[in-house]
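In each ligand, atom 1 is the first atom listed, and ligand 1 is the first ligand listed.
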Amino acid sequence: MTLIQTVDIVDLVIDGAARPARGGARAAVLDPATGATLAEVAAAGPEDVDDAVAAARAAQPAWSRLSPRQRGQHLFAVAALVRRHADDLAHTESLDTGKPLAQARADVEVTAEYFEFYGGYADKFYGETMPLAGDSFALTFREPHGVTGHIIPWNYPLQIGCRTIVPSLMVGNACVVKPAMEAPLSITRLGLLALEAGLPPGVLNVVPGSGSLAGAHLADHPGIDHLSFTGGLETGVLVMSAAARHVRPVTLELGGKSPSLVFADADLDRATAVLTKALIQNAGQTCSAGSRIVAERSVHDELVDRLAKAFEEVTLGRGVDDPDMGPVISAAQRDRVLGYIDGALAAGCGVAAGGSAAEPAGLAGGYFVRPTLLVDVAPDMAVAQEEVFGPVLTVLRADDDESALAIANGTPFGLVASVWTSDLDRAMHLARRLEAGQVYLNSYGAAGGIGLPFGGVKKSGFGREKGVEAASEYTQTKTVVVNVG
Ligand code: NDP
């Protein structure tokens, strides 16, 4: 397997083989740091999605009849191959998404860990027995759905892909995966690596294709038994509508507007360093990005000064050169982010750092936005309510715990939150009342956090991924009652 350095042709992975789209369609994959074409990827149409679903349906019964331990061993074999190809995969992920190489390496490490975590859990995921009257009893079986569809976004193709694919495989489902066309390279490569590692043909199929064509067809496919989607709110609603037509379970992870509550008794050195990273990681294109700070009034100005200084020091560049921050994914995403900044300025916000596009030396064609710190932001402004998905941090003021909590909970989203204080009672009270799937106290993010249940409340979606909870998500419980006469 070679590094992608020049234009490469990438095929679909269906039924154990790489092949072009039936209609021959291909799409260019661009390097977001330069705008140059990195690769040409086969673009699946509905007929290719049909092939992938049929292959998965054919492969799934035998896969589910393997012992859990055998399936676990398959997952460990994939993990080993991912580790062996870690450099290639990280390089590809960095080129394709624009993220710094160090972050891409961390993503690949987490990818291997997903296969190891669920490889190890495969033979420890049990049903239950329940005593009934007399000698009678009931027992539960955790049965796979059958074929699961996975529509994944461009921000963390490997990490987000594996977060849903691996637990699904573990419990005996076969998968059809549709990566985003902006960044399909690493996950397609993973499909090939899985075959090389011995995963039976048809168990993992990867069909890059446009969302409106291949994605919509997969979401509405009668041959899919469960669908997991990570992406934007509007697309999530479409995917859920399709699932409703089929009366079929979905898992939705739709991003957030995650708040960090910073109080005057917080360790500001630590908060500044961690919250800068919570924003600039992947150029702010992270579902759990720390994109809102709610600062206690007495500490607001000092915190803004510190953050502004940290933001001005952030280095921008091509991901593979490992700067602090790379470009955003596309020209459209850059324009969307700049639109939010312009809208905020027009609404009366101030800029404490950044506020514009950037052009690092030699990268005129890239899609760069300076890390931007917006102040004098009112809680009801669009930039404080909607997911910008770029390096834009809004800072709001609060007078006390109650007003901070009201601002924090006052958006449609609820994915992640953090509280910064040296008062443990306050931290725990707020943690219990914050509307979020995960709350961090004096920290932010869990470096992959594979073992920690992850997912949102409100319009951030529903269903829990990661950890042992994900195994339940990808199974249905069957109860068998045994009447001992
Ligand atoms: P989308 O939600 O449109 O894309 C996510 C995935 O859904 C991609 O694979 C996409 O395919 C696919 N898709 C698009 N349309 C459909 C459809 N009708 N049916 C089924 N699948 C579809 O996000 P965008 O890329 O357009 O980004 C827009 C915004 O969404 C971002 O600015 C951000 O706010 C949010 N977002 C959130 C993410 C998160 O991690 N929570 C990740 C990505 C985006 P394709 O891209 O190939 O067309």
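At the shortest separation from atom 11 (O) of ligand 1 among protein heavy atoms lies Lys178 NZ, 3.0 Å. Among protein heavy atoms, the minimum distance from atom 2 (O) of ligand 1 is reached at Gly232 N, 2.8 Å. Looking at atom 34 (O) of ligand 1, its nearest protein heavy atom turns out to be Glu387 OE1, 2.9 Å. Among all non-hydrogen protein atoms, the one lying nearest atom 20 (C) of ligand 1 is Gly215 C, 3.2 Å. For atom 8 (C) of ligand 1, the nearest protein heavy atom (residue, atom name, distance) is Ile152 O, 3.6 Å. For atom 18 (N) of ligand 1, the closest heavy atom belonging to the protein is Leu238 CD1, 3.6 Å. Looking only at protein heavy atoms, the nearest one to atom 43 (C) of ligand 1 is Pro153 CB, 3.5 Å. In this structure, atom 1 (P) of ligand 1 lies nearest to the protein heavy atom Thr235 OG1, 3.5 Å.
If you check the side chains of Tyr340 and Glu386, you find a donor sitting under 3.5 Å from an acceptor. A donor-acceptor contact under 3.5 angstrom links the side chains of Ser356 and Arg370, judged on distance only.
Counting heavy atoms only, Thr230 comes closest to atom 5 (C) of ligand 1 of the residues Leu227, Thr230, Leu213. For atom 14 (C) of ligand 1, the choice among Ala183, Gly211, Pro157 with the nearest heavy atom turns out to be Gly211. Across Phe229, Trp154, Tyr156, heavy-atom proximity to atom 24 (P) of ligand 1 is greatest for Trp154.
Between Val383 and Val392, the shortest heavy-atom distance links the atoms CG2-CG1, 4.3 Å. Nearest heavy atom pair, residue Asn409 against residue Arg433, reads ND2-O, 3.1 Å.
Atom numbering of ligand 1 starts at 1 in the shown order; those under 4.0 Å from a heavy atom of Ile151 are 6 (C), 7 (O), 9 (O), 12 (C), 20 (C), 21 (N). The ligand atoms of ligand 1 that sit less than 4.0 angstrom from a heavy atom of Ala216 are 19 (N), 20 (C). Annotation for ligand 1: atoms under 4.0 Å from non-hydrogen atoms of Gln333 are 31 (C), 32 (O). Less than 4.0 angstrom separates some heavy atom of Glu253 from each of these atoms of ligand 1: 41 (N). The ligand atoms of ligand 1 that sit less than 4.0 angstrom from a heavy atom of Leu254 are 41 (N). With ligand atoms numbered from 1 in the order given, ligand 1 contributes 39 (C), 40 (O), 41 (N) to contacts under 4.0 Å with heavy atoms of Cys287. Against a heavy-atom cut-off of under 4.0 Å, Gly255 is close to the following atoms of ligand 1: 41 (N). Taking a cut-off of under 4.0 Å to the non-hydrogen atoms of Glu182, the atoms of ligand 1 that pass are 46 (O).
The side-chain heavy atoms of Phe454 and Leu415, taken from C-beta on, include a pair separated by under 4.5 Å.
Salt-bridge annotation for Lys257 and Glu387: absent, with no side-chain N of the basic residue lying under 4.0 Å from a carboxylate O of the acidic one. A salt bridge is defined here as a Lys NZ or Arg NE, NH1 or NH2 lying under 4.0 Å from an Asp or Glu carboxylate O, and Arg248 with Asp225 fails to meet this definition. Between Arg26 and Glu40 there is a salt bridge, since at least one side-chain N of the basic residue sits less than 4.0 Å from a carboxylate O of the acidic one. The pair Asp324-Lys277 fails the salt-bridge criterion, with no side-chain N (NZ, NE, NH1 or NH2) lying under 4.0 Å from an Asp/Glu carboxylate O. Using a cutoff of 4.0 Å between basic side-chain nitrogens and carboxylate oxygens, Glu109 and Arg83 are scored as salt-bridged.
Put simply, the residue from Thr475, Thr251, Asn173 that forms a side chain to side chain donor-acceptor pair (under 3.5 Å) with His226 is Thr251. Each of Gln285, Lys99, Arg334 was compared with Ile329 under the side-chain contact (heavy atoms from CB on, under 4.5 Å) criterion, and only Gln285 meets it.
Within a 4.0 Å radius of atom 28 (C) of ligand 1, the protein has no heavy atom.
Ligand 1 is approached by Gly209 to a heavy-atom distance shorter than 4.0 Å. The shell of residues lying under 4.0 angstrom from ligand 1, judged by heavy atoms, excludes Glu234.
Between Met181 and ligand 1, at least one N/O pair is under 3.5 Å apart. Considering backbone and side-chain atoms together, Phe389 places no N or O closer than 3.5 Å to any N or O of ligand 1.
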Trace of the side-chain hydrogen bond (donor to acceptor under 3.5 Å, both in side chains) decision for Thr411 with Gln385: CA-CA 5 Å; Thr411 77; Gln385 287 287 322; 5.3 Å; no
task: Evaluate the criterion side-chain hydrogen bond (donor to acceptor under 3.5 Å, both in side chains) for residue pair Ser288 and Ser258; output intermediate values, then yes/no.
output: CA-CA 6 Å; Ser288 55; Ser258 299; over 6 Å; no
